[in-house]
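Scroll down for the structure; my scribbles are underneath it.
Computed from heavy atoms alone, side chains included, the values below leave out hydrogens, waters and symmetry copies. What you see is a predicted model; the values in this text were computed from it and never measured.
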Amino acid sequence: AHDFGFAGSLCCGRGWLTELLRLDERVELRDHTGSAANATRLLRTASFAVEPRGDMPERRIIYEALHAGTPLVFTSPVAPPLRLLS
């Protein structure tokens, strides 16, 4: 189990994550598709998912963390609404 998990790219001023998170607490996705299996596995074993501001207000990984049952930690304000499909 991991304390934190981050899956995404290190673009958009997210380089500080490399200092905050251990190597095993992050999966770097170089594009918006990336390795979903590794990201899902990380998020299922993390106590919290770190969600920093990025290039889009909503990220697929937010929904993957919710689906995995992992609480989200937003590091900056989130513009509502997050659209959850029923």
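- In terms of heavy-atom proximity, Ala65 sits nearest to Ala49 at CB-CB, 3.8 Å.
- The side-chain hydrogen bond (donor to acceptor under 3.5 Å, both in side chains) test applied to Arg41 returns Asn38, not counting sequence neighbours.
- With hydrogens and angles disregarded, a donor-acceptor distance shorter than 3.5 Å links the side chain of Arg14 to the backbone of Ser9.
- With values rounded to the nearest 0.5 angstrom, Thr70 atom OG1 is found 11.0 Å from His2 atom NE2.
- Closest of all the heavy-atom pairs between Ala7 and Leu29 is C-CD1, 4.2 Å.
- The shortest non-hydrogen separation linking Asp3 to Arg22 is OD2-NH1, 4.3 Å.
- Residue Leu20 belongs to a hydrophobic cluster whose other members are Phe4, Phe6, Leu10, Trp16, Leu17, Leu21, Phe48, Val50, Val73, with links defined by side-chain heavy atoms closer than 4.5 Å.
- The nearest pair of heavy atoms linking Glu51 to Ile62 is OE1-CG1, 3.6 Å.
- Taking the side-chain hydrogen bond (donor to acceptor under 3.5 Å, both in side chains) definition, one finds that Glu64 meets it with Thr40, Arg60, sequence neighbours left out.
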